Amino acid sequence: MLKSHSCGELSKKDVGAEVTLAGWVDRRRDHGGLIFIDLRDREGIVQVVFNPETSPSCHKIASQMRSEYVIRVGGEVALRPEGTVNPKLPTGEIEVIARNTDILNPSKTPPFYINEEIEVEENLRLKYRYLDLRRARMKENLLLRHRAVKFIRDFLDAKGFIEVETPILIKSTPEGARDYLVPSRVHPGKFYALPQSPQQLKQLLMIAGVEKYFQIAKCFRDEDTRADRQPEFTQLDLEMSFVQEEDILSLMEELFTALVAAIKPEMRVTKPFPRLTYAEAMERYGTDKPDLRFGLELGDLTDIAAQSEFSIFRSAIAEGGKVKGICAPGCGGYSRRQLDELNKLVQSLGAGGLVTMSLGTAGGNLNDLTIKEVKSVAARFLTIDQIKQMGQRLGAKRGDLLLIVAGNPGLVDMTLSELRQEMGRRLKLADPNLFAFAFVEDFPLLRWDEEAKRWDSEHHPFTAPRDEDVPLLDSAPEKVLGRHYDVVCNGYEIGGGSIRIYTSELQRKVFRLLGYSDEEIDSRFGHMLEAFQYGAPPHGGIALGLDRIVMLLAGEENIREVIAFPKNQSAADLTFDAPSPVSQEQLAELHLRLREER
RNA sequence: GGCCCCGUGGUGUAGUGGACUAACAUGCCACCCUGUCACGGUGGAGAUCGGGGGUUCGAAUCCCCCCGGGGUCGCCA
């Protein structure tokens, strides 16, 4: 090693020791005589003193040093002189008196600050990711991720799980997200696909008798990115044999509780994790991944609105829509401008508009509300009783603001869900020290795809229907509930799983329901159907979005902040400038010819 | 593909029709400085304001197109 110690590990107990350090120049303070260098390595920062009287040659070399130069310093650890202790630095009681030093590698002036916590344009950060990762925030995020993954591995190991790697080059299956394809050199015209998840592989491992499997698995989906979505991401994938829903859910509750306690002990979790049915989540929050750190629940006002003379409500209901709303407490005094902003948000999400109803500014009991106080375009089409009923249903007081959306039920729920999040942010309702985990259960097994005119899996086609619903598969598929569950936390879906189908008969029935011919089923999923016939145990599992989990633990709002080399919104890697063109020779070997794009 | 936001010295910002010959902070360079720690001091270099076109006597500023980035809807079995 070129170093005997880490910068950050030195302390008073090392005083008198001869040490050799190596790292990066974090900061240089040149007093003309004395030069101070803050030397940084992964473990921290320590001050090095270059004194021309102690070592003229060292001092001369130090005067050449600049930010981010890689240097090596040999010297003695000394207590700092009286009055020069720096309490802001963990190593602030000591310093290293340089006796010999050299510059291992100089550095160009970095394109942005390494030693300051200021926002830098993300393009630039990603292009120079190796410099960005030197910054404290990124370094901490990498470390946090490592600790979280280590904890998870140890936890599952202690529970008897074994980690099994599954292939990255596998078969394209038509369902689900768009596949990343890899052309085969050996098989002209054929392609591998990168796994969207190891779903089928882990089920085969259950049939193989592994019983308890997990994997920190890279997954690939060629879909548009989001703040919490990357084309390439990491799942904590696990599967168990001979289990039911409760086994997986209680394992998850134990895992997350222990994980938070180990990694973020200052954060609280709500225990036991609340359990919501899908229907309940949609009804109360308008989404299947509600942020349960605050209330602001949605209320259905359709019945009251139907009694009104307000044409927007009436026509929406006549067309099979509904009217729902939320109550923003104490916002009755919102300005025209503020209301316009909310209206704009709603319209940008595709809803026709937002009906705002200010219940005055006075505050107090809803019963005291007078029609004169109510400010809303809908006010003159509603009786004061109807307004009070709406307010009551939404838990409003005088002085609150009702936000009401009418229209297509799905759109109303989506819009109000976003509006709820927005009001939660504006009113700072979410406890920043809380991880509000919850389980969502009882998802419908199938969803009608209007474009393709066929049934589609809500989760994936391997999800088992509830036993009692199996007869409905033939008569009323829309009523069948799946044995699927999601884990949500603070408004993010952080995982989902299910108890699986494990007989080929039922599996084939579901595939047929999804519109596949028997030929298609056999060519695409024949390996699964056959495997089920060789003693497949009942099994189930879950896949967790590791990047999202680490993001939440790190208090970040974007998973790129917890991925060492993420892709940008257009799925490009700016450090490598990937994807990139390849040579004609490479294409020829793969039996590919590029088409002219119009 | 739709909608919204952003683009000004290396970095982060200010500037929303004339006083901008583009400001501030920091970084960078030079010189001075032996106890600093976001060291201090003096001086200096550095942006034709993402690109193109237009309106105007005059554009960083207004309009149009394009490029790049971010957020989001669609999409994500």
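In this text the structure is predicted, and so the values were computed from the model without any measurement. Chain A is the first sequence line, chain B the second, and so forth, proteins listed ahead of strands; every chain is numbered from 1.
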Just the rounded figure in Å: distance from [atom2] of [N] to [atom1] of [X].
X: A:Arg125; N: B:G70; atom1: CZ; atom2: P; result: 12 Å
X: A:Glu53; N: B:G35; atom1: CD; atom2: P; result: 11 Å
X: A:Asp288; N: B:C76; atom1: CG; atom2: C1'; result: 12 Å
X: A:Asn115; N: B:A38; atom1: CG; atom2: P; result: 11 Å
X: A:Ile37; N: B:C37; atom1: CD1; atom2: P; result: 15 Å
X: A:Leu39; N: B:U36; atom1: CG; atom2: C1'; result: 16 Å
X: A:Phe50; N: B:C37; atom1: CZ; atom2: C1'; result: 15 Å
X: A:Asn51; N: B:U36; atom1: CG; atom2: C1'; result: 13 Å

Stretch residues 556-578 of chain A: residues that reach within less than 4.0 Å of RNA chain B through a heavy atom: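 Those residues are A:Asn558, A:Arg560, A:Asn568, A:Gln569, A:Ser570.
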Residues in contact with RNA chain B, drawn from residues 214-223 of chain A - heavy-atom cutoff 4.0 Å: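 Hits under 4.0 Å, by residue number: A:Arg221, A:Glu223.
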Phosphate OP1/OP2 of B:G10: any A:Lys108 side-chain N/O under 4.0 Å: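 No, A:Lys108 has no side-chain N/O under 4.0 Å of OP1/OP2 on B:G10.
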Residue-phosphate contact under 4.0 Å: A:Arg29 side-chain N/O, B:C33 OP1/OP2: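 A:Arg29 to B:C33 OP1/OP2: no side-chain N or O under 4.0 Å.
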[atom1]-based separation of [M] from [N] [nearest Å]:
N: B:U61; M: B:G7; atom1: C1'; answer: 14 Å
N: B:C65; M: B:G2; atom1: P; answer: 12 Å
N: B:G15; M: B:U21; atom1: C1'; answer: 16 Å
N: B:A60; M: B:G51; atom1: C1'; answer: 14 Å
N: B:C73; M: B:U8; atom1: P; answer: 28 Å
N: B:G74; M: B:C4; atom1: C1'; answer: 15 Å
N: B:C20; M: B:C37; atom1: P; answer: 36 Å
N: B:A23; M: B:C49; atom1: P; answer: 14 Å

Aromatic stack A:His31/B:U36: centroid gap under 5.5 Å, interplanar angle under 30°: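 Per 5.5 Å and 30° rule: no stacking.
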Please determine, for [N], whether a Watson-Crick or G-U wobble partner exists with both distances under 3.5 Å, and give it or none.
N: B:C3; result: B:G71
N: B:A60; result: none
N: B:A23; result: B:U13

Any side-chain donor-acceptor pair under 3.5 Å between [X] and [Y]?
X: A:Asn568; Y: A:Glu122; answer: no
X: A:Ser11; Y: A:Glu93; answer: no
X: A:Gln196; Y: A:Arg178; answer: no
X: A:His527; Y: A:Gln200; answer: yes

Can you figure out which of [options] approaches the side chain of [X] most closely?
X: A:Glu418; options: B:C73, B:G35, B:A38; result: B:C73
X: A:Met414; options: B:C73, B:G35, B:C28; result: B:C73
X: A:Arg27; options: B:A38, B:U72, B:C28; result: B:A38
X: A:Arg226; options: B:U36, B:C75, B:G68; result: B:C75
X: A:Asp224; options: B:G68, B:C28, B:G1; result: B:G1

Sequence-distant partners of A:Gln421, side chain to side chain donor-acceptor pair (under 3.5 Å), two or more places apart: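 For A:Gln421, no residue satisfies side chain to side chain donor-acceptor pair (under 3.5 Å) once neighbours in sequence are set aside.
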Would you say the side chain of [X] and the base of [N] hold a donor-acceptor pair, judged only by whether the two atoms sit under 3.5 Å apart?
X: A:Arg229; N: B:C75; result: yes
X: A:Arg66; N: B:C29; result: no
X: A:Glu116; N: B:U26; result: no

With A:Arg500, the side chain to side chain donor-acceptor pair (under 3.5 Å) member among A:Gln203, A:Glu239, A:Gln507: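 Considering A:Gln203, A:Glu239, A:Gln507, a side chain to side chain donor-acceptor pair (under 3.5 Å) with A:Arg500 is found only for A:Glu239.
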Salt bridge present between A:Glu116 and A:Arg27 (N-O < 4.0 angstrom):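 A:Arg27 and A:Glu116: salt-bridged.
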Any donor-acceptor N/O pair, A:Ser498 side chain to A:His484 backbone, under 3.5 Å: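 Side chain of A:Ser498 to backbone of A:His484: no pair is present.
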What pairs of donor and acceptor atoms, side-chain ones from residues 438-446 of chain A against any protein atom, are under 3.5 angstrom apart with sequence neighbours left out?
none

Sugar-phosphate or base contact per nucleotide [nucleotides 41-52 of chain B; S, B, -; heavy atom under 4.0 Å]: ------------
Closest non-hydrogen atom pair, A:Trp24 against A:Val70: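 Looking at all heavy atoms of both residues, the closest pair is NE1-CG2, 3.5 Å.
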Contact summary for A:Val405 and A:Gly353, nearest pair of heavy atoms: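 Nearest pair, atom of A:Val405 first, then A:Gly353: CG1-O, 4.1 Å.
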Residue that, paired with A:Glu561, satisfies salt bridge (charged side-chain N to carboxylate O under 4.0 Å, His left out) out of A:Arg548, A:Lys139, A:Arg135, A:Arg137: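 The option that passes is A:Arg137.
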Whether A:Phe525 and A:Phe511 hold their rings parallel, tilted or perpendicular, with breakpoints at 30° and 60°: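 Geometry flag for A:Phe511 against A:Phe525: parallel rings.
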Enumerate all atom pairs, one protein N or O and one N or O from nucleotides 11-16 of chain B, separated by less than 3.5 Å.
{"unit_1": "B:G12", "atom_1": "OP1", "unit_2": "A:Glu121", "atom_2": "N", "d": "2.7"}

A:Gln235 side chain reached by A:Leu544 side chain, heavy atoms, under 4.5 Å: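 A side-chain contact is absent here, since even the closest heavy-atom pair is not under 4.5 Å.
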Close side-chain approach of A:Met65 to A:Ile71, heavy-atom, < 4.5 Å: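 Result yes, sub-4.5 Å side-chain heavy-atom pair found.
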Just checking [X]: base, sugar-phosphate only, or nothing, at a heavy-atom cut-off of under 4.0 Å?
X: A:Gln230; answer: nothing
X: A:Asn86; answer: base
X: A:Lys88; answer: sugar-phosphate
X: A:Thr84; answer: base

Worked check of side-chain contact (heavy atoms from CB on, under 4.5 Å) between A:Ile501 and A:Thr463: CA-CA 6 Å; A:Ile501 296 169; A:Thr463 299; over 6 Å; no
Residue pair A:Val480, A:Arg466: steps toward the side-chain contact (heavy atoms from CB on, under 4.5 Å) verdict: CA-CA 7 Å; A:Val480 177; A:Arg466 296 199 308 188; over 6 Å; no
